[in-house]
Amino acid sequence: MDTTALRSAYDRLLDAAALPGLGDADDGDDADDADDADDGGWNADRILAHLLSVDAATAAVALGVVAGSRPTFDNRISLDTWNLDRIIAEHAGRADLMAHVRSQAAVLCDIADRLSEEAASVLVPSLLLSNGALVLDQPIPLAGLVDGLAENHVPGHTQQLLDLRVATPGHA
């Protein structure tokens with residue numbers, strides 16, 4: 001697979017995550033998270049934690065295919081606020097989260113770069129939710145799962161980060 005687009009998408013995302021004015025780090029207090037972002041509480045740290053969860057799951061699926069198993073992809077754990085808060089707590093701040101996203105994205109891309117055409121074409125039963133709505137519930141080729149990160153998922157979260165900056169007073 002060619003991961004040029006995915007690598008570029010992550011570069012843009014990490015540039016956006018490094019911008020000033022994205023709000024404070026997640027304080028672990030769910031009571032005020034609705035104020036953190038317009039999407040129901042996903043501040044920059046939760047977006048980064050979500051990406052870490054999705055990337056790890058995608059890499060695990062790709063390695064499972066290479067190993068000969070028939071894994072499934074289900075993004076519900078990467079949407080769970082308890083899980084996202086756990087991931088955030090394991091890091092020493094946003095810079096540490098960003099460094100982990102950068103290194104994990106590189107691992108995912110390295111795995112995808114090495115996939116054979118046969119492995120990339122293996123159908124993976126996939127369940128994808130977004131904002132509480134079902135987006136996909138059917139098998140898709142492993143390549144489609146990875147390409148979807150580059151085409152939709154990572155750019156969507158890049159825009160989400162940029163929108164956080166715009167929504168912060170004094171950072172128009």
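Both backbone and side-chain heavy atoms feed into the values below; hydrogens, waters and symmetry mates do not.
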- Item | Minimum heavy-atom distance Pro141-Leu123, with the two atoms named | N-CD2, 3.6 Å

- Message: Quick check: do Gln159 and Leu162 have side-chain heavy atoms less than 4.5 Å from each other?
- Response: yes

- Checking side chain to side chain contact (heavy atoms under 4.5 Å, CB included) for the pair Leu19/Leu161: CA distance, chi angles, key distance, verdict? CA-CA 9 Å; Leu19 291 171; Leu161 288 167; over 6 Å; no

- Query: Is Val65 close to Pro71 at the side-chain level, that is, under 4.5 Å between some pair of heavy atoms?
  - Reply: yes

- Task: Rounded to the nearest 0.5 Å, what's the gap from SG on Cys109 to CG on Asp2? Could you check?
- Result: 10.0 Å

- Message: Restricting to non-hydrogen atoms, name the atom on Asp96 and the atom on Ala92 that form the minimum distance, rounded to 0.1 Å.
- Response: OD2-N, 2.9 Å

- Message: Show the nearest heavy-atom pair for residues Arg94 and Ala17, with the distance to one decimal.
- Response: CD-O, 4.2 Å

- Message: Once rounded to the nearest 0.5 Å, what's the spacing between atom CG of Leu128 and atom CD1 of Ile140?
- Response: 6.0 Å

- Task: Could you tell me whether a side-chain N or O of Thr72 sits under 3.5 Å from a main-chain N or O of Pro125, the two making a donor and an acceptor?
- Result: no

- Task: Identify the heavy atoms of Ala62 and Leu115 that sit nearest to each other, and give their distance.
- Result: O-CD2, 4.4 Å

- Item | Nearest-0.5 Å distance, CG of residue Leu84 to CG of residue Leu79 | 7.5 Å

- Item | Cluster check Val135, Leu142: I/L/V/M/F/W/Y, side chain < 4.5 angstrom | yes

- Item | Joint cluster assignment, Val124 & Ile111, ILVMFWY side-chain distance < 4.5 Å | no

- Item | Spacing of CG belonging to Leu145 relative to OG belonging to Ser126, to within rounding of 0.5 Å | 5.0 Å

- Any side-chain heavy atom of Trp42 sitting closer than 4.5 Å to one from His157? yes

- Message: Looking at Asn83 and Ile77, would you say the former's side chain and the latter's main chain have a donor-acceptor pair under 3.5 Å?
- Response: yes

- Taking atom CD1 of Ile88 and atom CG of Asn43, what is their separation to the nearest 0.5 Å? 6.0 Å

- Task: State, with a plain yes or no, whether a side-chain heavy atom of Leu6 is found less than 4.5 Å away from one of Met1.
- Result: no

- Between His100 and Leu48, is a side chain to side chain contact (heavy atoms under 4.5 Å, CB included) present by the stated rule, with each step listed? CA-CA 9 Å; His100 193 177; Leu48 293 169; over 6 Å; no

- Message: Check for me, please, whether Trp82 and Leu52 land in the same ILVMFWY cluster - side-chain distances under 4.5 Å, paths through other members count.
- Response: no

- Item | Closest contact, heavy atoms only, Ala5 versus Ala150 | C-CB, 3.9 Å

- Please round to the nearest 0.5 Å and tell me the distance separating atom CG of Leu136 and atom OG of Ser130. 12.0 Å

- Indicate if Val107 and Leu63 have the same hydrophobic cluster label, given that clusters are the connected sets of ILVMFWY residues with side-chain heavy-atom separations under 4.5 angstrom. yes

- Query: Taking all atoms of both residues into account, what is the closest heavy-atom pair of Ser53 and Ile87, and its distance?
  - Reply: CB-CD1, 4.0 Å

- Message: Would you call the rings of His153 and His50 parallel, tilted or perpendicular, taking 30° and 60° as the class edges?
- Response: tilted

- Working for side chain to side chain contact (heavy atoms under 4.5 Å, CB included), residues Leu149 and Leu108: CA-CA 11 Å; Leu149 295 174; Leu108 174 60; 3.6 Å; yes

- Which residues share a side-chain contact (heavy atoms from CB on, under 4.5 Å) with Glu90, sequence neighbours left out: Arg86

- Query: Under 3.5 Å, is there a donor-acceptor pair between the side chain of Arg165 and the main chain of Pro20?
  - Reply: yes

- Message: Taking the side chain as everything from C-beta on, heavy atoms only, tell me whether Ile47 gets closer than 4.5 Å to Leu164.
- Response: yes

- Item | With Asp113 via side-chain contact (heavy atoms from CB on, under 4.5 Å) - residues at least two apart | Thr3, Arg7, Asp110

- Task: Decide yes or no on side chain to side chain contact (heavy atoms under 4.5 Å, CB included) for Val122 and Arg70, but give the supporting numbers first.
- Result: CA-CA 9 Å; Val122 168; Arg70 293 294 179 249; 4.1 Å; yes

- Note on the structure: Only residue of Leu127, Leu129, Asp137 satisfying side chain to side chain contact (heavy atoms under 4.5 Å, CB included) with Asp74 is Leu127

